[in-house]
K.L.:
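I am attaching a structure below and will ask some questions about it afterwards.
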Amino acid sequence: MADPGFTPTQLAARAAYLLRGNDLGTMTSAAPRLYPHMWSWDAAFVAVGLAPLSVERAVVELDTLLSAQWKNGMIPHIVFANGVDGYFPGPARWETATLAAHAPNGPQTSGITQPPVHAIAVQRILDHSRRHGRTTRAVAEEFLDRRWPDLVRWHRWLAHARDLDGNGRIALFHGWESGMDNSPRWDLAYANVVTGTMPKYLREDLTVVADTSQRPSNGEYDRYLWLLEEMKSVRYDDEELATAMSFAVEDVFVSAVFSMACEVLATIGEEHSMPNSDVRELHGWAGRFRQGVLTTTDERSGAARDFDLRSGKWISTETLAMFSPLLCGGLSRDAERALLRTFEGPKFCGHPDLRYAVPPSTSPVSRDFRSREYWRGPVWPVMTWLFSWAFARRGWAERSHMLRSEGLRQASDGSFAEYYEPFTGEPLGSMQQSWTAAAVLDWLG
Ligand code: GLC
């Protein structure tokens with residue numbers, strides 16, 4: 001396949017049109033057909049992409065998401081668009097409005113959460129607003145003043161409700177909470193999940209992506225749905241989930257993202273004279289979760305691991321998760337250098353057969369690798385963006401630039417696919433995926 005090679009200007013224009021096309025008014029659907037609602041971490045990345053186009057519209061995106069925040073502080077993983085069907089499990093299956101004491105009064109939501117990347121979006125919005133006149137700056141600052149307590153509440157919920165023993169690692173009770181639904185990272189934990197009798201269901205995803213090899217299997221889906229039943233049986237109560245759920249893991253990637261997001265939010269707080277006590281707490285969490293990530297790592301290779309709370313076993317996989325410490329920092333110099341070598345070497349970005357030098361979700365040399373299957377191998381452009389952003393933040397300008405230019409080369413096919421086959425570059429999953437367009441817009445902005 002040759003690069004059709006849209007020019008950067010054409011590509012940016014197409015990405016902007018895509019986001020406009022997916023705009024439902026006050027929320028952007030994650031993708032037009034497969035995901036016709038708002039997803040939590042998608043919304044944050046979408047706001048990153050909207051910020052260079054319109055700070056005002058980016059603010060609306062985060063406002064919509066935060067309006068669906070639960071009373072305990074959780075940002076739910078899906079905010080359902082009013083009157084839109086076409087996605088399963090929808091509100092009727094989650095039943096959060098009737099079961100969960102903390103569900104919001106207005107919007108319909110799911111009952112689980114997703115990775116806390118939102119502080120990054122807030123930072124990008126503030127950055128872009130500074131390039132504009134007083135009115136736009138005022139919109140961004142008014143947003144920050146108004147939503148600051150909600151952002152801190154969100155982080156506090158993660159630090160408390162999801163780190164019960166205070167070890168600096170975030171517990172998840174559903175693979176969907178990791179954002180990497182069927183990653184080999186969760187195979188062991190899902191093996192503990194024994195499904196019982198549950199209401200029948202029909203998968204809507206397979207009517208959009210007809211090639212079943214690109215999506216999770218039916219066996220996987222049964223377990224995903226069974227976990228909802230377990231959550232419903234304890235009415236989504238934070239404390240009860242910790243014991244009731246047959247799936248419970250400590251996610252090292254989410255923990256690293258959280259540490260990084262706490263640092264970002266703390267810096268924003270300092271720059272905008274937010275309450276000292278908040279800023280101090282945020283710094284504290286950043287440190288605690290960085291430490292939590294470090295305790296999972298191998299001293300020599302620097303590679304990080306997840307932990308299965310049910311079997312009490314470490315989960316080592318050759319997936320993006322092993323690179324978590326590169327996001328939040330803290331490794332010794334030698335270990336960090338070793339981990340960067342793995343990231344850039346033949347197991348990941350430097351694999352000789354890769355079409356583009358960007359990290360696949362699972363290493364092609366791993367026995368878990370499947371080149372077309374969702375989080376088991378394909379390249380996810382939004383992850384390339386996240387690493388490129390984090391590397392810039394760590395002061396690795398050249399590495400960040402490499403990911404950006406390779407990510408843009410991949411995106412120049414103009415499909416804005418959800419994920420790509422690493423060797424052929426074939427676009428897979430949903431086309432016109434909002435966060436893929438957002439990544440491109442940030443890169444080209
Ligand atoms: C899939 C992805 C998840 C994403 C959602 C919407 O479920 O695994 O990370 O948030 O789609 O794009």
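Counting starts at 1 for both ligands and their atoms, in listed order.
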K.L.:
A cation-pi test, strictly: NZ or CZ of R376 under 6.0 Å from the centre of the six-membered ring of F369 and no more than 45 degrees from its axis. Yes or no?
P.N.:
no
K.L.:
Y224 and ring-ring contact (aromatic ring centres under 6.0 Å, His included): which single residue from W176, F173, F88, F247 fits?
P.N.:
W176
K.L.:
Run the salt-bridge test on R169 and D251 with the 4.0 Å N-O cut-off and return the result as yes or no.
P.N.:
no
K.L.:
Counting heavy atoms not belonging to K347, are there more than 12 under 6.0 Å from its NZ?
P.N.:
no
K.L.:
Provide, line by line, the atom pairs where ligand 1 and the protein bring an N/O atom each to a distance under 3.5 Å; else say none.
P.N.:
residue  : atom   : partner : partner atom : Å
ligand 1 : 7 (O)  : D181    : OD2          : 2.9
ligand 1 : 7 (O)  : Y374    : OH           : 3.3
ligand 1 : 8 (O)  : G179    : O            : 3.1
ligand 1 : 8 (O)  : D181    : OD1          : 2.8
ligand 1 : 8 (O)  : D181    : OD2          : 3.2
ligand 1 : 8 (O)  : W375    : NE1          : 2.9
ligand 1 : 9 (O)  : W41     : NE1          : 3.1
ligand 1 : 9 (O)  : G179    : O            : 2.6
ligand 1 : 10 (O) : W41     : NE1          : 3.1
ligand 1 : 10 (O) : D42     : OD1          : 2.6
ligand 1 : 10 (O) : Q114    : NE2          : 2.9
ligand 1 : 11 (O) : Y35     : OH           : 3.3
ligand 1 : 12 (O) : D42     : OD2          : 2.6
ligand 1 : 12 (O) : Q433    : NE2          : 2.9

K.L.:
Check for a donor-acceptor pair, side chain of H77 on one end and backbone N or O of S40 on the other, with a separation under 3.5 Å.
P.N.:
no
K.L.:
Evaluate the criterion ring-ring contact (aromatic ring centres under 6.0 Å, His included) for residue pair W41 and W435; output intermediate values, then yes/no.
P.N.:
CA-CA 9 Å; W41 75 329; W435 66 9; 5.5 Å; yes
